[in-house]
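Residues take their numbers from the sequence shown, with the count starting at 1.
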Amino acid sequence: MSHFLIITFVFFSCFALTSQQILVSPITKDESTNLYTMLVYLKTPLQPSNLHLDLGSYLSWYDCARHYQSSSYKPVYSNSSLCTDLNPGIFSNCFNKPGPGCFNDSCSFFPENPVTRKIGIGELLVDKFALPTKKLGQLGPVSDFLFSCTDPNKYSRIYRGLAKGVKGLAALGRFNYSLPAQLSRTFSSPQIFAVCLPGSSKANGVALFNSPGPYYFSPGIDLSKSLIYTPLLQGPRGADTQIYYWYKSPDYYIGLTSIKVNGKVVPLNKTLLAIDELGSGGTKISTSRPYMVLQSSIFKALSDAFVRESTALNLTLINPVEPFHACYAAQGITNTRISSTVPIIDFVLQENNVFWRIFGSNSMVRITTNDVDAWCLGIIDGGPSPKTSIVIGGHQIEDNLLQFDLQLERLGFSSSLLLRSTSCSNFDFNSTKN
């Protein structure tokens, strides 16, 4: 998607949306943080805003303190049915001039930064929200979009570690008031959405809402027909924080059963692959972790297996480049887009013939400095006792189409689109079939 296309979204008109039309949001990658933002429209009149894209947050949040101008915002009061349904357990009074994020007897929430795990307190607000439809020139209006306010003047830490210029967070997690859930209720559409992250800061990806497909990417490929499905599992209560311990996890967990490198099973302690009675273990997907994070014994086993197989391919190990462990001289690796020259990693799921294949474009990270030119295995040691044993990070899912189907409780995945001579930047806005 071109930068010109993003700019022209500002001038769209709003129309009624049918349940069959796809809502889209361009996704960009921030070069300094390796995190992702999505474009939304908020307030009256509608104004474009970039939000951090997170797959594991309950409720979207937004900067209400700096230049929030809208004629349609409404506070959520503590005695409202909406506040009762949310059950946030906290109410607020404000002694400053009334305005967005400052009302007496209001219902509040704890907005959280999923990168740093820093938490603030913010009043709940309702305002107009919209995303573009696939048809150029139209926005699909959304009334009564609920989010939590933040005040960077009081809680500046909540923005630390996020991409520069973001005004808040788009929560795409498993929760009744996440962004996908609210869109689904508004348009009486299936609670299904898809995410396709860009492979670099120079390209755009896309988030797709309100439709199970088809999803056409140039040159005329309907990727919805080639998705592989695996069940979505329920994670532990409270996710990675103790704030909302009575809520079910908003994260998307999948049932990884084994890992293979070049077809050979990696020896693992398989009890770590399941979620135990204390809520630890398992495998989840995160857009707020740039790279895959593994429990220490899994990290060592996968690294050792990868190094063994790469040695057989005559790849030359060099000194590690932080934060990575296994790095190779760049001149020895000639084809990383689909990577015939590096080992292939398979995440085996519910059956041996159901696996998520990770090619070099998603396993390897290019490191170029004045002193080194290397390709490194893009996995991080998460320590001996992390909450989640395996966190599949953003780099591993770039240029992969992921469909989150909460109607059927399943994840659809494509593996690398580069194998099909396309990418996440090639969503076909001109196709009449989408």
Excluding sequence neighbours, so at least two apart, what forms ring-ring contact (aromatic ring centres under 6.0 Å, His included) with [X]?
X    : result
Y62  : Y68
F324 : Y291
F209 : F193

Backbone of [Y] reached by a side-chain donor or acceptor of [X] within 3.5 Å:
X    : Y    : value
S280 : D276 : no
H395 : M364 : yes
D428 : F217 : no
Q403 : G213 : no
Q295 : P384 : yes
T316 : Y328 : no
T116 : K118 : yes
D405 : I192 : no
D222 : Y215 : yes
T37  : N50  : no

Side chains of [X] and [Y], donor plus acceptor under 3.5 Å:
X    : Y    : result
T388 : Y253 : yes
T287 : H52  : no
S414 : N400 : no
Y252 : S286 : no
S70  : S72  : yes
T369 : D371 : no
D399 : S416 : no
S49  : Y41  : no

Provide the closest heavy-atom pair for [X] versus [Y] in the form atom of the first, atom of the second, distance.
X    : Y    : answer
L169 : L59  : CD2-O, 4.1 Å
S211 : I22  : CB-CG1, 3.4 Å
S423 : L418 : CB-CD2, 4.2 Å

Does [X] reach the side chain of [Y], with side-chain heavy atoms less than 4.5 Å apart?
X    : Y    : value
V115 : L35  : yes
F347 : I392 : yes
D251 : L55  : no
L419 : F359 : yes

Below 4.0 angstrom, N of the basic side chain to O of the carboxylate: do [X] and [Y] qualify?
X    : Y    : answer
K43  : D127 : no
D63  : K167 : no
D144 : K128 : no
E398 : K29  : yes

Hey, is CD on Q234 packed in by over 12 heavy atoms from elsewhere, all under 6.0 Å?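 Count over threshold, so yes.
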Compute the centroid of each ring, for [X] and then for [Y], and state whether the two points are separated by less than 6.0 Å.
X    : Y    : answer
W356 : F413 : yes
F175 : Y247 : yes
F110 : W61  : no

Which of these passes side chain to side chain donor-acceptor pair (under 3.5 Å) with D381: S303, S297, S296?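 Exactly one candidate clears the test, S296.
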Mind checking what makes side chain to side chain donor-acceptor pair (under 3.5 Å) contact with N176, not counting sequence neighbours?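 So N176 forms no side chain to side chain donor-acceptor pair (under 3.5 Å) with any residue.
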Excluding sequence neighbours, so at least two apart, what forms side-chain contact (heavy atoms from CB on, under 4.5 Å) with A305?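 Partners of A305 under the side-chain contact (heavy atoms from CB on, under 4.5 Å) test: V261, V266, R308.
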Applying salt bridge (charged side-chain N to carboxylate O under 4.0 Å, His left out) as the test, list every pair that has at least one member in residues 172-186; sequence neighbours left out.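 Listed by first then second residue: R174-E409.
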